[in-house]
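Below is one structure; the comments refer to it alone.
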Amino acid sequence: MSVTLKLATSLDGRIATAAGESRWITGPEAREAVHHLRAQHDAVLIGIETALADDPELTVRLPDYQGPQPARVVLDSRQRLPEGSKLVSGARDIPTYVVTTAAPDPRLTDLGVRVIRSPAGADGRLDLTAVVRLLAAEGLARLFVEGGGQVAASFLRAGLVDALEWFRAPLVLGAEGRPGMGNLEISALSDAPRLKRVDVREVGSDLWERYERI
């Protein structure tokens, strides 16, 4: 499976103000580009905190788009995804997965959600290497990760990111803003994940940088 990570941040790497305001950091052109990227992948993945905070649809919404919708995947160890969420409501129409460390909850499976049980790592969180392997077994070959800072950091820390699509808005939110990247547990520069930039372009007022694994 190939894994692409998407980030949309301010120039100083923030995804929201201290109060949590995040819509919209990037402009309409960048958001349209993200929909095109979704259309190129088999599945879009987020963490449960993003699902609870934003109640997203994670669909491709482009004029005249008639292609398949990517599957939606939520990392949700305790199966907290609400029955009334947009993801659950549309689970019978678009394949929707919840990846958990517990037995499948009928509250979700009865509504069409496909619950996958995955082992936990040493830290008690989902083992992302196992998660990627299980999703690949479902026939999902191209994964688009749109989660928050902690999900982004977890995929980078696990060495699973093959490509990075980074949209940077021309504003600065400062140290009080919420970071776009969680803790990578880096103690030396030699431990930092390194990528090579393969493209950079302007999309509206934003900058779109593309990176690949070295």
Side-chain angles (χ1 to χ4, degrees), residues 3-41 44-62 70 72-75 86-87 123 125 128 143-214:
V3 177
T4 299
L5 173 64
K6 186 269 292 184
L7 296 176
T9 74
S10 62
L11 289 176
D12 53 344
R14 306 289 163 171
I15 59 173
T17 65
E21 183 182 354
S22 61
R23 293 189 178 185
W24 296 98
I25 282 184
T26 54
E29 296 87 354
R31 297 197 295 275
E32 180 178 334
V34 170
H35 283 275
H36 283 286
L37 288 169
R38 286 180 182 174
Q40 297 168 20
H41 290 80
V44 180
L45 180 147
I46 60 172
I48 184 59
E49 298 303 333
T50 297
L52 294 175
D54 297 342
D55 190 22
E57 293 181 70
L58 301 182
T59 53
V60 178
R61 298 185 296 280
L62 292 169
R72 292 90 60 88
V73 181
V74 182
L75 302 180
K86 294 175 183 175
L87 291 171
D123 59 359
R125 297 175 179 172
L128 292 184
L143 182 64
F144 192 52
V145 178
E146 290 197 53
Q150 189 55 56
V151 169
S154 296
F155 270 88
L156 281 168
R157 194 166 57 241
L160 295 171
V161 175
D162 299 298
L164 169 64
E165 306 282 356
W166 185 10
F167 297 88
R168 290 199 292 160
L171 73 163
V172 178
L173 296 179
E176 67 273 25
R178 297 186 181 181
M181 187 64 58
N183 185 5
L184 285 171
E185 301 175 8
I186 294 171
S187 57
L189 285 177
S190 58
D191 298 329
R194 290 187 180 272
L195 304 166
K196 64 176 180 180
R197 188 168 63 192
V198 296
D199 190 25
V200 58
R201 68 185 72 176
E202 292 183 1
V203 281
S205 61
D206 304 313
L207 199 63
W208 179 8
E209 298 178 61
R210 311 185 79 169
Y211 294 82
E212 293 179 354
R213 184 204 299 265
I214 295 176

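Remark: K86 pairs with no residue by the salt bridge (Lys or Arg N to Asp or Glu O under 4.0 Å) rule, at least two apart or across chains. Residues that satisfy the side chain to side chain contact (heavy atoms under 4.5 Å, CB included) test with D123, not counting sequence neighbours, are R125. By the side chain to side chain contact (heavy atoms under 4.5 Å, CB included) test, A39 pairs with V60, Y65, sequence neighbours left out. When the side chain to side chain contact (heavy atoms under 4.5 Å, CB included) test is applied to P170, the partners found at least two apart in sequence or on another chain are S205, D206.
Nearest heavy-atom pair across I15 and G149 is CD1-N, 4.3 Å. Between M181 and L156, the shortest heavy-atom contact is CE-CD1, 3.5 Å. Nearest heavy-atom pair, P56 versus I46, reported as atom, atom and distance to 0.1 Å: CG-CD1, 3.7 Å. The shortest non-hydrogen separation linking T26 to A8 is CG2-CB, 4.0 Å. In terms of heavy atoms, V44 sits closest to P70 at CG2-CG, 3.8 Å. Across all non-hydrogen atoms, the minimal contact from G180 to L7 is O-CD2, 3.9 Å.
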Should T4 and Q40 be marked as a side-chain contact (heavy atoms from CB on, under 4.5 Å) after you check the CA-CA gap, both sets of side-chain angles, and the distance that decides it? CA-CA 11 Å; T4 299; Q40 297 168 20; over 6 Å; no
Quick one: do V145 and V161 satisfy side-chain contact (heavy atoms from CB on, under 4.5 Å)? Show the steps, please. CA-CA 9 Å; V145 178; V161 175; over 6 Å; no
For E165 and V34, run side-chain contact (heavy atoms from CB on, under 4.5 Å): C-alpha distance rounded to whole Å, both residues' side-chain angles, the deciding distance at 0.1 Å, then the answer. CA-CA 9 Å; E165 306 282 356; V34 170; over 6 Å; no
Can you list the steps and then say if V200 with L207 is a side-chain contact (heavy atoms from CB on, under 4.5 Å)? CA-CA 7 Å; V200 58; L207 199 63; 3.8 Å; yes
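Applying side-chain contact (heavy atoms from CB on, under 4.5 Å) to L45 and the options V73, V3, L58 leaves one that passes, V73.
Judged as a side-chain hydrogen bond (donor to acceptor under 3.5 Å, both in side chains), the pairs with a partner in residues 166-183 (not counting sequence neighbours) are, in order, T9-W166, R168-E209. Sorted by first and then second residue, the side-chain hydrogen bond (donor to acceptor under 3.5 Å, both in side chains) pairs involving residues 48-57 (not counting sequence neighbours) are E49-R80.
Judged by distance alone, with hydrogens and angles left aside, the side-chain atoms of R61 form no donor-acceptor pair with the main-chain N or O of H35 at under 3.5 Å. The backbone N or O of R201 sits nowhere less than 3.5 Å from a side-chain atom of R210 that would complete a donor-acceptor pair. Side-chain N or O atoms of D12 include one that pairs as donor or acceptor with a backbone N or O of L173 at under 3.5 Å.
Enclosure of atom CD in E185 by more than 12 non-hydrogen atoms of other residues, nucleotides or ligands within 6.0 angstrom is indicated. With a 6.0 Å radius and a threshold of 12 heavy atoms from other residues, nucleotides or ligands, L189 has its CG atom at or below the threshold.
One finds the CZ atom of R31 at 11.0 Å from the CD1 atom of I25 (value rounded to the nearest 0.5 Å). Taken to the nearest 0.5 Å, the CD1 atom of I48 stands 14.5 Å off from the CD atom of Q150.
Here the side chains of L5 and F155 are not in contact, with every heavy-atom distance at 4.5 Å or above.
Under 4.0 Å is where a charged nitrogen must lie from a carboxylate oxygen, and between K6 and E146 at least one such pair does.
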